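Worksheet: one structure, shown below.
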Amino acid sequence: MKDIDFYFFSGTGNTLLVVNKMRDIFEENGINVNLHKIEQSNPDEINLEHIIGIGFPVAVLSTYPFVWNFIKTLPDANGTDIFMVDTLAGLSGGIVGPLREIVKKKGYTPIGAMEIKMPPNIFFIQDEIINRIKVENGLKEAEEYAKNIINEKAEWGRVPILSDAINLFSMGALRLTGIDLHQKFFLFNLDKDRCNKCGICVGLCPTKNIKINDGEYPVHGLNCHYCLRCTSFCPKNAIPCKFNYKGKTYSAVKAKEFLKIKNL
Ligand SMILES: Cc1cc2nc3c(=O)[nH]c(=O)nc-3n(C[C@H](O)[C@H](O)[C@H](O)COP(=O)(O)O)c2cc1C
């Protein structure tokens with residue numbers, strides 16, 4: 001099999017774990033894999049001689065606008081193989097079909113799509129044991145899926161109309177994140193008693209939406225996509241998400257796992 005360039009985004013680590021597991025399986029089978037963070041990748045620089053993988057979390061039945069932007073600006077191809085994987089807490093609907101249409105129109109060959117259940121990172125955060133079991137099960141699915149891609153048994157089907165409608169709804173909902181009023185009511189209120197101005201949130205934000213001036217508190221701008229990295233990885237728990245029951249947070253890995261992956 002050709003080399004794989006695996007482009008991924010992960011807010012709180014679930015997708016990162018799945019992508020790492022799939023990479024391990026590919027590499028055990030002699031396939032070279034290059035990981036790329038979507039938020040640092042330029043679609044114009046994609047090598048169409050390689051197989052393309054795309055991994056991301058589900059958000060509001062679809063995925064984050066900046067992930068869609070990346071996909072929509074992929075270069076036209078002449079049959080390049082492409083596969084996708086997303087992670088979710090339970091329900092999607094607006095991704096697999098619309099994404100397949102986009103990549104087909106661009107000239108790619110869709111070879112596989114898989115949605116893998118992992119622990120929820122929003123609303124109701126479950127306890128550690130349940131999360132661990134969900135992660136274990138999810139990673140087994142990821143392993144199976146990678147093997148199916150290698151053995152050419154993976155598939156990428158399409159449920160028309162319904163998934164397009166869901167996608168439209170989701171994009172509408174997620175675009176609200178850019179509106180000031182919405183941010184004020186639903187987003188994060190920094191807890192200044194807890195925040196020690198370390199700036200980790202600034203480095204983690206995929207849309208560079210958090211700014212910090214010397215000696216001051218970090219400030220969220222208007223381009224938040226709700227990935228929850230800042231909430232989940234704040235070492236002082238100073239950026240609570242209003243949606244999360246009892247202010248609990250979830251992360252599948254440590255913050256440094258995100259900071260250490262650099263695009264080559
Ligand atoms: C803003 C937001 C919206 C979400 N919407 C959904 C959803 O519609 N359906 C679902 O099953 N999970 C949803 N989730 C849960 C995540 O998709 C799930 O926990 C995912 O595995 C997180 O991946 P990550 O850790 O790589 O960011 C949502 C999470 C967030 C933060």
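Values in this document were obtained by computation on a predicted structure and should not be read as measured data. Remember, it's 1-based here, ligands and their atoms both numbered in the order they're listed.
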Practice task
Please confirm whether L16 comes within less than 3.5 Å of ligand 1 when only nitrogen or oxygen atoms on both sides are compared.
Solution key: no
Handout entry: Crowding at CD, E27 (>12 non-hydrogen neighbours, <6.0 Å)
Key = yes
Practice task
Would you please test Y64 and Y226 for ring-ring contact (aromatic ring centres under 6.0 Å, His included) and show each step?
Solution key: CA-CA 8 Å; Y64 299 107; Y226 268 101; 8.6 Å; no
Problem - Presence of salt bridge, E39 and R229, under 4.0 angstrom - result: yes
Problem - Residues T87 and N14: side-chain donor-acceptor under 3.5 angstrom - result: no
Exercise for the section: Indicate yes or no: does K147 engage E143 in a salt bridge with an N to O separation below 4.0 Å. Expected result: yes
Practice task
Determine whether any heavy atom of P119 lies closer than 4.0 Å to an atom of ligand 1.
Solution key: yes
Handout entry: N/O separation below 3.5 Å, N14 to ligand 1
Key = yes
Exercise for the section: Return yes or no for this condition: an N or O of P57 is under 3.5 Å from an N or O of ligand 1. Expected result: no
Practice task
Using atom types as modelled and distance alone, determine if a side-chain donor or acceptor of S92 lies under 3.5 Å from a backbone N or O of L61.
Solution key: no
Handout entry: Side chain, backbone, both or neither: T15 near ligand 1, heavy atoms under 4.0 Å
Key = both
Exercise for the section: Heavy-atom distances under 4.0 Å are what count here, so tell me which part of I122 touches ligand 1: side chain, backbone, both or neither. Expected result: side chain
Practice task
Could you establish whether G90 and ligand 1 come within less than 4.0 Å of each other, counting only heavy atoms on the residue side?
Solution key: yes
Problem - Mutual orientation of the aromatic rings belonging to F9 and F66 [parallel < 30°, tilted 30-60°, perpendicular > 60°] - result: perpendicular
Exercise for the section: Describe, in one word, how the ring planes of F6 and F83 are oriented to each other, choosing from parallel (under 30°), tilted (30 to 60°) and perpendicular (over 60°). Expected result: perpendicular
Practice task
Report yes if C227 has an N/O atom closer than 3.5 Å to an N/O atom of ligand 1; otherwise report no.
Solution key: no
Problem - Contact check: L91 vs ligand 1, nitrogen or oxygen atoms, below 3.5 angstrom - result: yes
Exercise for the section: Assess F8 for proximity to ligand 1: is some non-hydrogen atom of it under 4.0 Å away? Expected result: no
Exercise for the section: Indicate yes or no: does an N/O atom of S92 lie under 3.5 Å from an N/O atom of ligand 1? Expected result: no
Handout entry: Within-shell test, A252 vs ligand 1, heavy atom, strictly < 4.0 Å
Key = no
Exercise for the section: Could you verify whether a donor N or O on one side chain and an acceptor N or O on the other, from N34 and H36, lie under 3.5 Å apart? Expected result: no
Exercise for the section: Look only at interatomic distance and state if L61 has a nitrogen or oxygen under 3.5 Å from any nitrogen or oxygen of ligand 1. Expected result: yes
Practice task
Ignoring angles and geometry beyond distance, decide whether N121 reaches within less than 3.5 Å of ligand 1 through its nitrogen or oxygen atoms.
Solution key: yes
Problem - Flag for H220-N209: side-chain donor and acceptor within less than 3.5 Å - result: no
Completion exercise
Note: S10, heavy atoms under 4.0 Å from ligand 1, region reported as both
Practice task
Kindly confirm or rule out an N or O of G13 lying under 3.5 angstrom from an N or O of ligand 1.
Solution key: yes
